[in-house]
Amino acid sequence: MTQEPEDNPTTGDTPTNHDAEPPAPSPDATQREPQAQTPREGFKVEARFEEASTVAGETEAPVGAATGQFPSENVVAAREREATASSGKYAFLVGAGILLSRIVGLVRQRVFAYYFGNSFAKDAFDAAFRIPNFLQNAFGEGALSASFIPVYANLLAKGDEEEANHVAGAVFTLLALVTSVLVLGGVLATPYLINIIAPGFEGARQELTLKLVRIFFPGAGLLVLSAWCLGVLNSHRRFFLSYTAPIIWNFAIIAALVGFGGWQSGGQMLSEDFGARLALMAAWGSVIGSALQFGVQLPTVFRLIKRLRLTFNFASAHLRTVVKNFLPVFVSRGVIQISAFVDQLLASYLPIGAVSALTFAQSIYTLPVSLFGMSVSAAELPAMSSATGSIEEVAGQLRRRLDGGLRQIAFFIVPSAMAFVALGDIIVGVLYRTGRFTDADVLYVWGIIAGSATGLLASTLGRLYSSTYYALHDTRTPLRYAVLRIVVSISLGVLLALYLPPALGIEPRWGVAGLTVASGMAGWVEFFLLRRTLNRRIGRTGLPFAYISKLWLAALLSAVIAWGIKLLVGRRHPLLLAALILVPYGLLYFAITTLFKLPEARTVVGRFTRYLPFGRR
């Protein structure tokens, strides 16, 4: 039930010629679940693609550049090899951009921890940001990624820039209009929204939350438009800029906190009035940062779309496909955000600090999902959407891309989950142990991220499976399973968060850890359903049991040794503990997986040793 990781990244697409192209297929045609176990089924949408010999390259070459022909070999195979070789590069660019953004985001959270700890002002800030964040995540990022990119990237792959420009301009116009209405309505309806997301808040907490929501809404509208920029940039394979742009948003909030609060300590920092005023300044910093994040991407977008025109002409069949696919994804992302609201609602009934502790934990456990799950999924979606050839060839390309992506994701997510359980106190301490964030807060957040480990792998792998459905223009199947996931998550969350702690005789505040456990269990239900249905359509996919077993064994052995080091060194400064424990843990994992002769380990170690003196040639 916990919120999906959405740190301002979005995805982008490209334009094409609408008169020359056949109309986009109805998503319904791609969603009928076939009975036979054959790759031929479920690929109605790929039948419309042109022959490979007429399609421009979609990986290395920029849009409009010649890609060359291969007279002595099959063009589809040649382009597939080129795409496979470059997909790792694109995933690296996405991952690098997300890593830089998330590092700055963790710095932002550390500054929050210094000033607020798990206080009432931090509770109010986190609860207030949930409402406009719904608009940003559900309306902007996820929906655009799944509906805009497949259409736009396919138009670019065919070289139809005129129609692509038309689609991009019309999508921006429609997005700006609808977002403006929603922002205005949100500001006016704020008092009613507060009672929905945080009914447990009273008095000063409720009043501060209301003020913050009204400030946040305009910034959320700008972030939705920023998501459109990300969609365009990703479709043109300009991944790095789109995923580093949120850095400026984080810096704006940090500047507001430090500029207004200074490096104060003592009684004033403990004052509720000081915390409330500082939270309001941070909210205004968020609005300014949203405008800067949007503005920094515009110059590159304008260079890529040379004839961008804002238009209300929605006659294009491709635009209708975007809108038609947008609605199911919007509902799907909305369902996920509703789950986050339910978490917020349940946490608001727990003692003070539960809401802010959950937010601190989310900043940690969504990091590997963003770095490894989102980076691979974002890099693969445009390439999957541009797949061409016969039905069998397209199915084969999707299977190979999906299986390769699953291995990459699992290789990094498995040790992350193990670290959250065994070494979570070290991770939380090095990030947040400062100012008002005490040792007790460290243990509290550790319990929450340990709960998240139950479904970390399922949630991350599920992202890539959902991207494969989106590449097939099937947005309804992931929606059905997302709804089921939320129902399971909410049911388990109520049980584990509100009823289980009293039954076990433990403090009520630990119910927030039950929320992350419930979300993890529901994530596995969704993952198995996504995999089963897709396997019926394109053939068998998934991780080999031998491979995943080696990953868990390597992570377990590394954690045992790291835990032994932890017992030996005792209490030390959080930074020193991280260097003495987390670094050996990571190195041991890579060493053991290399001994297991896993290709992913050899690739990582090879890239690292290349920068060492003995690794240069």
Side-chain angles (χ1 to χ4, degrees), residues 2-3 5 7 101-130 205 208-209 212 246-247 249-272 274-283 285-286 289 344 347 350-367 420 423-450 452 509 512-513 516 571-578 582:
T2 50
Q3 184 180 9
D7 250 16
S101 177
R102 296 305 296 267
I103 287 174
V104 179
L106 289 172
V107 172
R108 182 199 75 221
Q109 287 292 77
R110 184 174 177 85
V111 176
F112 268 112
Y114 177 84
Y115 286 112
F116 296 105
N118 284 322
S119 64
F120 100 98
K122 185 63 165 57
D123 274 355
F125 188 94
D126 293 335
F129 193 68
R130 282 277 189 239
R205 263 205 306 182
L208 178 58
T209 304
L212 290 169
I247 291 176
W249 178 79
N250 286 304
F251 272 134
I253 298 176
I254 293 172
L257 287 170
V258 176
F260 180 78
W263 295 110
Q264 304 183 51
S265 62
Q268 187 178 8
M269 194 170 65
L270 298 176
S271 163
E272 286 193 358
F274 171 79
R277 287 185 287 117
L278 188 57
L280 292 171
M281 293 304 299
S286 172
Q344 188 92 54
L350 299 175
I352 289 178
V355 174
S356 57
L358 180 62
T359 304
F360 280 125
Q362 286 173 341
S363 295
I364 297 174
Y365 69 69
T366 60
L367 180 59
F420 287 169
L423 307 171
D425 57 333
I426 307 299
I427 298 172
V428 176
V430 72
L431 293 175
Y432 298 142
R433 181 64 181 89
T434 182
R436 294 187 65 186
F437 202 93
T438 65
D439 288 336
D441 294 323
V442 169
L443 294 177
Y444 191 26
V445 176
W446 177 18
I448 301 172
I449 67 171
S452 73
R509 71 188 189 115
V512 70
T516 55
R571 289 183 60 86
R572 296 287 187 275
H573 189 278
L575 185 60
L576 180 60
L577 282 177
L582 297 181

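Atom set for the values below is all heavy atoms of this structure, side chains included, hydrogens, waters and symmetry mates excluded. Bear in mind that the values here come from a model prediction, so they are computed numbers and not experimental data.
- Partner Phe125 forms a ring-ring contact (aromatic ring centres under 6.0 Å, His included) with one of Phe112, Phe116, Phe120 and no other, that one being Phe112.
- Remark: side-chain polar atoms of Thr359 are paired, donor with acceptor, to backbone N or O of Val355 under 3.5 angstrom.
- Thr516 contributes a side-chain N or O that, together with a main-chain N or O of Ile448, makes up a donor-acceptor pair within less than 3.5 Å.
- In this structure, Trp446 CH2 and Ile364 CD1 are separated by 12.5 Å, a value rounded to the nearest 0.5 Å.
- Side chain of Trp249 to backbone of Gly285: no donor-acceptor contact under 3.5 angstrom is found.
- A pairwise comparison of heavy atoms in Ala354 and Asp123 identifies N-OD1, 4.3 Å as the closest pair.
- Taking both residues in full, the closest heavy atoms of Ala283 and Leu212 are given as CB-CD2, 3.7 Å, listed atom of the first, atom of the second, then distance.
- By the 4.5 Å heavy-atom criterion applied to side chains, Arg433 and Leu577 are not counted as neighbours.
- The closest side-chain heavy-atom distance from Ile427 to Leu582 is below 4.5 Å.
- The two atoms that bring Gly429 and Arg110 nearest to each other are O-NH1, 4.3 Å, heavy atoms only.
- For Asp126 against Ser356, the heavy-atom pair with the smallest separation is OD2-CA, 3.3 Å.
- Here CD1 of Ile103 is found 8.5 Å from CD1 of Ile247. Values are rounded to the nearest 0.5 Å.
- Between Leu257 and Phe260, every side-chain heavy-atom pair lies at or beyond the 4.5 Å cut-off.
- Contact check for Thr438 versus Asp441: side-chain heavy atoms found under the 4.5 Å cut-off.
- Nearest approach of Ser286 to Phe129, heavy atoms of both residues: OG-CE1, 4.2 Å.
- Arg108 is listed as a side-chain neighbour of Ile254, based on a closest heavy-atom distance under 4.5 Å.
- The aromatic ring centroids of Tyr432 and Phe360 lie less than 6.0 Å from each other.
- Within the model, atoms OG1 of Thr366 and CD1 of Ile449 stand 11.0 Å from one another, a figure rounded to the nearest 0.5 Å.
- Between Leu280 and Leu208, some side-chain heavy-atom pair lies under the 4.5 Å cut-off.
- Gly447 approaches Ala513 most closely through the heavy-atom pair O-CB, 3.7 Å.
- Cation-pi geometry between Lys122 and Phe437 is not satisfied (NZ or CZ under 6.0 Å from the ring centre, within 45° of the ring normal).
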